2 protein chains.
Amino acid sequence: MTADKSSSGNRRYDPDRKERIIEATLEVIAVQGVSGTTHRRIAEAADVPLGSMTYHFASLDDLIEQAFLKLTQEIAHHFDDAFRKAQTVDEAREAVVEVICGWFAVTERKMTLILELYAYVARNPQTRHVMTGWMAKSRQALERHFSPDVAASLDAMIEGASIHNFMHPDGISREAARLIVAKLTA
Amino acid sequence: MTADKSSSGNRRYDPDRKERIIEATLEVIAVQGVSGTTHRRIAEAADVPLGSMTYHFASLDDLIEQAFLKLTQEIAHHFDDAFRKAQTVDEAREAVVEVICGWFAVTERKMTLILELYAYVARNPQTRHVMTGWMAKSRQALERHFSPDVAASLDAMIEGASIHNFMHPDGISREAARLIVAKLTA
DNA sequence: TTGCGCTATGTACGTTTGTACGCATAAATC
DNA sequence: GATTTATGCGTACAAACGTACATAGCGCAA
């Protein structure tokens with residue numbers, strides 16, 4: 001219903017196009033997986049012509065990499081926010097519990113995307129910087145409140161518990177998570 | 001150089017064929033990812049004709065699922081062995097450390113396959129039983145030595161630490177792992 | 001208003017894909 | 001040894017793929 005979308009064939013000077021394509025790419029990956037992600041499906045999801053794909057991005061892999069980079073940056077930003085808000089160590093501990101049991105368990109879409117990212121990075125080593133950059137930011141956020149070693153262990157636990165909770169719904173309850181975090185940060 | 005392979009065109013009564021195709025499938029997934037796994041590539045890797053693919057397996061997805069099932073069963077078997085050997089709680093603790101820092105970190109192939117499996121299951125819910133079955137066996141192995149709650153936390157930590165060590169080589173050292181396990185099992 | 005130059009796109013091409021199916025061929029029976 | 005039966009495979013096909021490229025369309029200078 002916007003002025004831009006209503007007029008047909010009038011697509012020039014659409015400054016958000018590149019961004020929209022990247023978001024559409026994440027949407028397609030979330031539903032179809034990387035293996036089902038094609039130029040045509042992305043173009044349809046973003047409502048842009050097929051020609052825009054090769055015009056804005058060098059290749060499909062280039063586009064996928066940029067999409068994953070955006071995903072990790074958004075997640076890292078929220079992650080950092082959560083720990084920036086915490087004023088005491090106890091609040092930080094509760095934030096960890098929240099991340100394990102709240103966030104990821106709720107949004108199936110995000111977890112699916114993260115798992116697709118892992119698989120993609122595992123087989124495309126040149127994109128490993130996406131992962132290392134993300135991990136560095138997470139670690140940094142945790143180190144606001146915990147020692148490097150403890151931060152590393154919390155980070156790993158968040159990773160594993162999120163995945164397990166995703167695969168097996170009643171995996172780790174909130175009180176169980178609270179106990180685990182208490183042990184690791186004692 | 002085997003009698004079977006030397007003779008050309010003589011491929012009848014090859015009872016290991018189906019098994020060999022499944023193994024070849026894992027090999028292709030490890031190198032190319034699920035997105036690059038095709039009937040033709042698997043057939044070449046297994047040294048069987050293309051026609052054998054649709055003859056032995058209903059579809060490509062059917063084959064991939066069977067391959068992943070085999071993967072998890074093998075891993076679960078080794079996992080169970082490691083904890084069956086442990087006689088004391090301390091030996092069991094050390095086994096956990098070994099799993100985190102030894103196994104997976106070493107074999108890049110296996111970790112890649114596991115990550116491909118996660119992504120595949122996330123977007124193919126009908127294959128979730130492969131994951132839940134595997135997790136149940138792991139949990140069972142850990143519960144030989146630890147309480148259910150502790151076993152769950154160890155399982156999650158193994159998961160997360162393995163992934164982090166894979167993505168970031170100098171992630172968690174052996175002594176760091178030892179300390180974490182001690183905390184979780186205290 | 002007119003013409004120019006750059007941005008954006010419709011379309012076409014050569015490959016590769018999953019899958020179906022008719023036929024060759026080995027095992028079984030007499 | 002001849003005939004039947006069922007197992008296994010070579011090949012063909014339509015659909016979908018990534019990408020290249022000629023050209024259409026718009027802003028801007030004059």
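Because the structure is a prediction, the values reported are computed rather than measured. The sequence lines fix the lettering, A, B, ..., with proteins before strands; numbering per chain opens at 1.
- Side-chain N/O atoms of B/Arg123 and A/Thr112 include no donor and acceptor closer than 3.5 Å.
- Using a 4.0 Å cut-off, some side-chain N or O of A/Thr38 falls inside it from OP1 or OP2 of D/dC17.
- Regarding B/Leu50, its CG atom lies at a distance of 12 Å from the P atom of C/dA20, rounded to whole Å.
- Between the CD1 atom of A/Ile42 and the C1' atom of D/dA16 there is a distance of 15 Å, rounded to whole Å.
- Rounding to whole angstrom units, NE2 of residue A/His39 and C1' of C/dA12 are separated by 16 Å.
- Between the CZ atom of A/Phe57 and the C1' atom of D/dG18 there is a distance of 16 Å, rounded to whole Å.
- Between A/Arg20 atom CZ and C/dA8 atom C1' there is a gap of 14 Å when expressed in whole angstrom units.
- The backbone N or O of B/Val181 lies less than 3.5 Å from a partner atom in the side chain of B/Thr185, making a donor-acceptor pair.
- In the model, A/Tyr120 has no side-chain atom that pairs as donor or acceptor with a side-chain atom of B/Glu116 under 3.5 Å.
- Proximity note for A/His56 (side chain, C-beta onward) versus C/dG18, C/dA8, D/dT11: the nearest is C/dA8.
- Closest contact between the side chain of A/Tyr55 and the listed nucleotides D/dA20, C/dT19, C/dT9 involves C/dT9.
- Contacts with DNA chain C (heavy atom under 4.0 Å) in residues 58-67 of chain B: B/Ser59, B/Leu60, listed by number.
- For B/Lys18 and D/dC9, the NZ to P distance is 14 Å, given to the nearest whole Å.
- No cation-pi contact links A/Arg109 to A/Phe166, judged by a cut-off of 6.0 Å to the six-membered ring centre and 45° from its axis.
- The nucleotide whose nearest atom lies closest to any side-chain atom of B/Ser52 is, among D/dA12, C/dG10, D/dC9, D/dC9.
- In this structure, CZ of A/Arg40 is placed 16 Å from P of C/dT9, rounded to the nearest angstrom.
- The environment of CD in B/Glu44 is sparse: at most 12 heavy-atom neighbours from other residues, nucleotides or ligands sit within 6.0 Å.
- With a 6.0 Å radius and a threshold of 12 heavy atoms from other residues, nucleotides or ligands, B/Gln140 has its CD atom at or below the threshold.
- For A/Arg17, the listed nucleotide lying nearest its side chain is C/dA8; candidates were C/dA8, D/dC21, C/dA20.
- Across all strands, A/Ser35 comes closer than 4.0 Å to no nucleic acid atom at all (heavy-atom distances).
- Checking C/dT19, D/dT19, D/dC17 against every side-chain atom of A/Arg41, the shortest atom distance belongs to D/dC17.
- Here salt bridge (Lys or Arg N to Asp or Glu O under 4.0 Å) pairs that include residues 59-78 of chain B, with residues two or more places apart or in two chains, are B/Glu19-B/Lys70, B/Glu23-B/Lys70, B/Lys70-B/Glu74.
- In this structure, of D/dC9, C/dT11, D/dA12, it is D/dC9 that holds the atom nearest to the side chain of B/Pro49.
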